[in-house]
Q: 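I have a structure I would like to understand better, so I am pasting it below and will then ask my questions one at a time.
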Amino acid sequence: MMSIKTYSRSVLCMGTTVSIQVIAPQSDEANVLHHISKAFTIFKTVETTCSRFDAKSEVMKLIRHVKEPVSVSPLLFEALHFAVLVANETNGIFDPTVGKQLENRGFNEHYLYGKPVQVDEAVDSGSYKDIVLDTHKKTVCLQKPMIIDLGAVAKGLAIDLAARSLPYQHFMINAGGDILVKGRNQYGELWKVGIQHPGIQTQSLLTLRVTDTAVCTSGNYARKNKTQPFMHHLVNPLSPSTGSSLLSCTAISPSAMLADALSTSAFILGAEKGINLLNDADIGGVLFDSSFTPFFTSDMEELMNYDHTF
């Protein structure tokens, strides 16, 4: 009888702890560890391409060129292309050009070194409409000075790419609570994914039982301003002074990049409009308001079984 083993490894990357767990034959240990290492390399590559917190990243080099078509890597082009698509679909509620607003809120320090990354160039009030993409030449032309923030896209993209690189039927990738699972866990059961309680890290508001899907959560508790704890990083580009009525929003989709972006968008929109956005996109989700009341998308029960734990 074939002996099955659970292989697990974690690294610090993209501002969080990324963990990969693979269920595979014990006899295949060398290959499994090799593929897990390759998957982590993908996370590192996405970070060095898309990070606003690294002055040497490709996206930070891009913003130094205004009104000039720039050839970019396929990876950066994919991230920007997807971000602009979501911005169009949400009428600007999701906007990858909110980097300056985030800098102004104090979210400009590298997570490892604590050094601020400040853009010296003057920054105009550009929006996603000022990002011109040429899909044939794979060039990007920024019509106005701007700071691009791909935080709500890059991690999901890295998860998706890492998942495609793993030639196994059963595994989980957990990037700071944004999770993609395939197959079954080490007990042959559906994977259990908890939605974190905003105030208690060790407690879940809801436990989902899922397979072959991504579960991504955006909340006002994940990243806080050091000097102003009430200020979080999920900005409404159309009305920066307006806060969301929600504590968290979780989106469930086969694509982590889509779930990541839409969980952010739905959080900003609030309960009613957020649920409508997820329903229109035909993906599952659950939103929690300030009283911990859950709001479910219409197809939640069809997608999975869930246990209330609050």
Side-chain angles (χ1 to χ4, degrees), residues 14-19 86 89-90 93-94 151-160 163 172-182 185 190-223 232-234 236 243-310:
M14 302 187 77
T16 190
T17 300
V18 179
S19 300
V86 176
E89 288 296 320
T90 61
I93 284 294
F94 180 95
V153 169
K155 190 161 60 170
L157 174 59
I159 293 171
D160 287 338
M172 175 178 69
I173 301 173
N174 183 346
D178 289 338
I179 295 170
L180 185 146
V181 295
K182 290 288 185 181
N185 65 17
L190 295 175
W191 294 91
K192 293 182 180 180
V193 177
I195 299 175
Q196 183 183 322
H197 190 295
I200 309 172
Q201 288 189 351
T202 57
Q203 184 174 328
S204 296
L205 289 173
L206 195 69
T207 300
L208 309 174
R209 290 186 173 88
V210 292
T211 186
D212 299 336
T213 197
V215 180
C216 296
T217 299
S218 294
N220 62 11
Y221 55 88
R223 288 173 61 195
H232 57 79
H233 70 294
L234 297 172
N236 182 342
S244 174
S245 61
L246 298 175
L247 291 174
S248 71
C249 171
T250 298
I252 301 101
S253 164
S255 162
M257 185 160 60
L258 180 61
D260 197 8
L262 290 192
S263 68
T264 298
S265 305
F267 176 89
I268 294 169
L269 285 169
E272 184 178 352
K273 292 182 179 179
I275 285 291
N276 289 339
L277 173 67
L278 299 180
N279 280 330
D280 289 345
D282 198 27
I283 68 173
V286 55
L287 294 71
F288 286 93
D289 68 10
S290 56
S291 63
F292 299 102
T293 301
F295 298 84
F296 297 100
T297 52
S298 56
D299 59 354
M300 227 358 220
E301 293 189 46
E302 297 176 11
L303 287 173
M304 64 200 70
N305 297 318
Y306 53 85
D307 289 339
H308 292 272
T309 58
F310 55 91

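None of these values were measured; they are calculated from a predicted model.
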Q: Under the criterion side-chain contact (heavy atoms from CB on, under 4.5 Å), which of Ile252, Asn174, Ile179 is the partner of Val193?
A: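 Output: one option passes, namely Ile179.
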
Q: Drop me the distance from Cys216's SG to Lys155's NZ, to the nearest 0.5 angstrom.
A: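 The distance works out to 7.5 Å.
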
Q: I need the minimum non-hydrogen distance between Ser265 and Val86, along with the two atoms involved.
A: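 Smallest interatomic distance, heavy atoms only, reads OG-CG1, 4.1 Å.
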
Q: Could you state the interatomic distance from CZ (Phe295) to CG (Asp289), rounded to the nearest 0.5 Å?
A: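 So the CZ of Phe295 and the CG of Asp289 are separated by 4.5 Å.
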
Q: Pairs under 3.5 angstrom only: tabulate donor-acceptor contacts from the side chains of residues 267-280 to other protein residues two or more places apart or in another chain.
A:
| from | atom 1 | to | atom 2 | distance (Å) |
| --- | --- | --- | --- | --- |
| Asn276 | ND2 | Glu272 | O | 3.3 |
| Asn279 | OD1 | Ser298 | N | 3.1 |
| Asn279 | OD1 | Ser298 | OG | 3.1 |
| Asn279 | ND2 | Ile275 | O | 3.4 |

Q: Going by side chain to side chain donor-acceptor pair (under 3.5 Å), Ser263 matches just one of Ser218, Ser253, Ser248. Which one?
A: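 Result: among Ser218, Ser253, Ser248, Ser218 is the only option passing the side chain to side chain donor-acceptor pair (under 3.5 Å) with Ser263.
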
Q: What's the spacing between Ile173 CD1 and Asp178 CG if we round to 0.5 Å?
A: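 The CG atom of Asp178 is 11.5 Å from CD1 of Ile173, to the nearest 0.5 Å.
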
Q: State the OG1-CG distance between Thr250 and Leu262, to the nearest 0.5 angstrom.
A: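 Taking OG1 in Thr250 and CG in Leu262, the distance rounds to 12.5 Å.
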
Q: How many angstroms lie between OG1 in Thr211 and NZ in Lys182, if you round to the nearest 0.5 Å?
A: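 If I round to the nearest 0.5 Å, the distance is 8.0 Å.
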
Q: Which heavy atom of Gly156 sits nearest a heavy atom of Ala256, and at what distance?
A: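 Smallest heavy-atom distance, with atoms named: O-CB, 3.5 Å.
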
Q: At their closest point, which heavy atom of Met257 faces which heavy atom of Asp160, and how far apart are they?
A: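 Result for this residue pair: N-OD2, 3.0 Å.
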
Q: When you compare the side chain of Ile195 with that of Leu208, does any pair of heavy atoms fall below 4.5 Å?
A: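 Yes, close enough: below the 4.5 Å cut-off.
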
Q: Decide yes or no for Pro294 and Leu206: does some side-chain heavy atom of the first lie under 4.5 Å from some side-chain heavy atom of the second?
A: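 No, their side chains stay 4.5 Å or more apart.
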
Q: I'd like to check Val153 versus Phe94 (side-chain heavy atoms, cut-off strictly below 4.5 Å). Are they in contact?
A: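 SC-SC contact between Val153 and Phe94 confirmed.
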
Q: For Ala266 and Leu246, which heavy atoms make the closest approach, and how far apart are they?
A: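 Looks like O-CD1, 3.8 Å.
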
Q: For the CE atom of Met14 and the CD1 atom of Ile159, what is their distance to the nearest 0.5 Å?
A: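 Going from CE on Met14 over to CD1 on Ile159, the span is 8.5 Å.
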
Q: Which atom pair, heavy atoms only, marks the closest approach of Thr16 to Gly176?
A: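 Here Thr16 and Gly176 meet closest at OG1-CA, 3.0 Å.
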
